[in-house]
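Beneath this line is the structure, given in structure tokens, with notes to follow.
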Amino acid sequence: MIQLDKKHNPMKNKILINEISTKHPMASMTDILSISEKLFNETCKINKQKNNINWLTFMTKSFLIKRVRYEAIQSTQWKVDHEENIYPDWICELDQQYVNLYDHIKEEVNLKDFGAVGDGMTDDTEAIRKAIGRGKVIVRIPEGIYVTKGIKLPSWTVLLGEGKGKTTLKLHDQSPKSEWLITNKNHVRGNRNIAIKGMTLDWNVERLGNEEKTAAGNNRSSCLTFANVTYGWMLDLEAINPGLHCFDVSSSVYTYLGDGTRSRGGSKYIWLDNLNGYGFGDDGITTHHSEHIFISNSHMCDPSGRSHKKGFSNSNGIEIDDGSHNVWLLNNSTARCFGGVEIKAHHNASAATNVHIAGHLSVNDNRAYNFRHIGHHKDIDPASKTAYHISATNICAIAPVFTELYRASTPRGLVVSGYNHVIINGFTLIGDPFYDYQENPMIAVQYRARNVLLNQVSLRDFTSAGPAIKVYGGPHRADDITIKNLTCDHYFTKTVSVGANVENAAIEHVVIQPKKETSIT
């Protein structure tokens, strides 16, 4: 059984995913993504629902929020070059802005020249502040452990270390719980063209002792937060033990002023690549009220869950959360989290929308892939105005498990709740044959999910599970569900279970692998 530890090199994810995936061996990623694109386009249906809004709330809070309108998205916008490099089709704009960043740089400085010591004990805050100045600078940080009371980066700034585990920035023992280790300077007016590369970020949660809750609220208490940043890069970084998040792409503040609204001051055009994170109080990588985000080749694992009440820790490896839209994830991995990838929103915020995954490896997460809009699930709840448009291509999950993070949650490879227009193309789900899954289904489509297509799905080695796929019926039923090209072994109590009153459920081409005979010679 594959194991991914805290020091796993996420640049190996592409190879691991291709080795585990049960896709056709002759199929290229170009071919697979083309199929996803075709399925996504064919299944897009125009939303007829009125996007009613509380205009009194909207007008009185308009300085904080903007209205969200439904968009009929018909393309995944993945592009593949001749070397099978995969990227969203807007990446050229971000690449141009990276060149623009370096064109604006006026000087390159070494942090040691400003009096920094880097011995893990001396407070280097003032030296870092002087080196950064007003921006338009590359600040090189040599090997060492640099203690700081928090770093605020202006526009046109590059912070450049010697690599993960070599250059370390560590939050000072006397820093308040609300402090960020690194963030941009102006959350209200915003900043632009900021890059952080090649270092370890230690939030130093140990300074809080046995304090039960490690986060101060809203978007604070994280290792690295971009709030209201346009054009940003988080590259080749490791984040350790933050009170809240390792990496947060955020708005100025998180707002909870209703489905159909999004916070003003969101970040946009942000690339996160080759990131490691662990020990996070909430999520490893998270996004809020932001757009055009690319998360690639990153690994998040082993959360502490300490920003939540014990036993109720919704701590995800990667979470695409409230008000996020236009987000692409490529060849990432997660391990031992509550959710591997969670795409969601709280009941009083807009759902994340237009999110596309190409390649992901989940190992021992409780819910490998969890798509939901909380508070919009039951027949008595209002239907979500914003939970639309997800695609996932060539994804894998290994042995989902029960977890102390969220004790009441049962293991699942995939859960879809409340979302409309979800396309899964190529999903390999492998169980632990010696683990007790207590007859739970491994894939659940439920709670008013609509227009969900599962294609090329393979499940095996769940010797104690219930049905392979369960489509829940009843008053909160899922509708308009298509399952095609499903392969599973003989252990499941039922291949596909479809509940009462489910409308428009289609199942095509199911293969059940026979029990292997053993011989004694």
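Quick caveat: nothing in here was measured; it's all calculated off a predicted structure.
The salt bridge (Lys or Arg N to Asp or Glu O under 4.0 Å) analysis of residues 191-206, with sequence neighbours excluded, yields no pairs. Residue pairs meeting the side-chain hydrogen bond (donor to acceptor under 3.5 Å, both in side chains) criterion with at least one member in residues 5-15, sequence neighbours excluded: Lys7-Glu238, His8-Asn13, Asn13-Ser333.
The aromatic ring centroids of Trp90 and Tyr269 lie less than 6.0 Å from each other. Side-chain rings of His299 and Tyr278 stay apart, their centers remaining 6.0 Å or farther from each other. A ring-centre distance under 6.0 Å is not found for Tyr87 and Phe294. Aromatic pair Tyr388/His421: centroids not less than 6.0 angstrom apart.
Judged purely by distance below 3.5 Å, without hydrogens or angles, the side chains of Glu84 and Thr30 pair a donor atom with an acceptor atom. Side-chain contact annotation: Asn332 with Asn297, donor-acceptor N/O pair under 3.5 Å absent. There is no side-chain donor-acceptor pair under 3.5 Å between Ser34 and Asp31. Of the N and O atoms on the side chains of Ser296 and Asp273, at least one donor lies less than 3.5 Å from an acceptor on the other residue. A side-chain donor from one of Glu342 and Asn314 sits under 3.5 Å from a side-chain acceptor of the other. Between the side chains of Lys164 and Asn276, at least one donor N or O sits under 3.5 Å from an acceptor N or O. Judged by distance alone, the side chains of Ser155 and Asn193 never bring a donor and an acceptor atom under 3.5 Å apart. A side-chain N or O of Asp123 and one of Thr125 form a donor-acceptor pair less than 3.5 Å apart.
At least one donor-acceptor pair closer than 3.5 Å links the side chain of Thr386 to the backbone N or O of Ala351. Under the 3.5 Å distance criterion, the side-chain polar atoms of His376 are matched with a main-chain donor or acceptor of His347. A donor-acceptor pair under 3.5 Å links the side-chain atoms of Ser267 to the main chain of Val229, judged by distance alone. Side-chain atoms of Tyr369 come within 3.5 Å of backbone N or O of Cys396 as a donor-acceptor pair. Here the side chain of Asp259 pairs a donor or acceptor atom with the backbone of Lys385 at under 3.5 angstrom.
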Expected list for residues 127-140: side-chain donor-acceptor pairs under 3.5 angstrom, two or more places apart:
{"unit_1": "Arg129", "atom_1": "NE", "unit_2": "Glu126", "atom_2": "OE1", "d": "3.2"}
{"unit_1": "Arg129", "atom_1": "NE", "unit_2": "Glu126", "atom_2": "OE2", "d": "3.2"}
{"unit_1": "Arg129", "atom_1": "NH2", "unit_2": "Glu126", "atom_2": "OE2", "d": "2.3"}
{"unit_1": "Arg140", "atom_1": "NE", "unit_2": "Glu108", "atom_2": "OE2", "d": "2.4"}

Would you be so kind as to tabulate the donor-acceptor pairs closer than 3.5 Å made by side chains of residues 214-228, with sequence neighbours excluded?
{"unit_1": "Thr214", "atom_1": "OG1", "unit_2": "Gly243", "atom_2": "O", "d": "2.8"}
{"unit_1": "Asn218", "atom_1": "OD1", "unit_2": "Tyr254", "atom_2": "N", "d": "2.8"}
{"unit_1": "Asn218", "atom_1": "ND2", "unit_2": "Tyr254", "atom_2": "O", "d": "3.3"}
{"unit_1": "Asn219", "atom_1": "ND2", "unit_2": "Ser250", "atom_2": "OG", "d": "3.4"}
{"unit_1": "Asn219", "atom_1": "ND2", "unit_2": "Ser251", "atom_2": "O", "d": "3.2"}
{"unit_1": "Asn219", "atom_1": "ND2", "unit_2": "Ser252", "atom_2": "O", "d": "3.2"}
{"unit_1": "Arg220", "atom_1": "NH1", "unit_2": "Ser178", "atom_2": "O", "d": "3.4"}
{"unit_1": "Ser221", "atom_1": "OG", "unit_2": "Lys177", "atom_2": "O", "d": "2.8"}
{"unit_1": "Ser221", "atom_1": "OG", "unit_2": "Ala216", "atom_2": "N", "d": "2.9"}
{"unit_1": "Ser222", "atom_1": "OG", "unit_2": "His245", "atom_2": "N", "d": "3.1"}
{"unit_1": "Ser222", "atom_1": "OG", "unit_2": "His245", "atom_2": "O", "d": "3.3"}
{"unit_1": "Asn228", "atom_1": "ND2", "unit_2": "His187", "atom_2": "O", "d": "3.4"}
{"unit_1": "Asn228", "atom_1": "ND2", "unit_2": "Val188", "atom_2": "O", "d": "3.0"}

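No option in Leu181, Ile182, Val205 other than Leu181 meets the side chain to side chain contact (heavy atoms under 4.5 Å, CB included) test with Leu171.
Note that the CE atom of Met199 and the OG1 atom of Thr167 stand 6.5 Å from one another [nearest 0.5 Å]. Atom CD1 of Ile32 sits about 7.5 Å away from atom CG of Asn425, to the nearest 0.5 Å.
A salt bridge links Asp302 with Arg336: the closest approach of a Lys/Arg side-chain nitrogen to an acidic carboxylate oxygen falls below 4.0 angstrom.
Shown here are the salt bridge (charged side-chain N to carboxylate O under 4.0 Å, His left out) partners of Glu37, two or more places apart in sequence or in another chain: there are none. Partners of Glu93 under the salt bridge (charged side-chain N to carboxylate O under 4.0 Å, His left out) rule, at least two apart in sequence or in another chain, do not exist in this structure. Partners of Gln77 under the side chain to side chain contact (heavy atoms under 4.5 Å, CB included) rule, at least two apart in sequence or in another chain, are Ser75, Asp89, Trp328, Asn354. Evaluation of the side-chain hydrogen bond (donor to acceptor under 3.5 Å, both in side chains) rule for Lys166 yields no partner, not counting sequence neighbours. Listed by chain and number, the residues in a side chain to side chain contact (heavy atoms under 4.5 Å, CB included) with Ser313 are His308, Ser315, Leu405 (sequence neighbours excluded). With sequence neighbours excluded, no residue satisfies salt bridge (charged side-chain N to carboxylate O under 4.0 Å, His left out) with Arg207. Residues passing the side-chain hydrogen bond (donor to acceptor under 3.5 Å, both in side chains) test with His104, sequence neighbours excluded: Asn100. In terms of the side-chain hydrogen bond (donor to acceptor under 3.5 Å, both in side chains) criterion, residue partners of Asp322 (sequence neighbours excluded) are, by chain and number, His346.
Residues Tyr146 and Ile141 are in side-chain contact: their nearest non-hydrogen atoms beyond the backbone lie under 4.5 Å apart.
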Check against side chain to side chain donor-acceptor pair (under 3.5 Å), Asp365 and Thr334: CA-CA 7 Å; Asp365 296 316; Thr334 53; 2.7 Å; yes

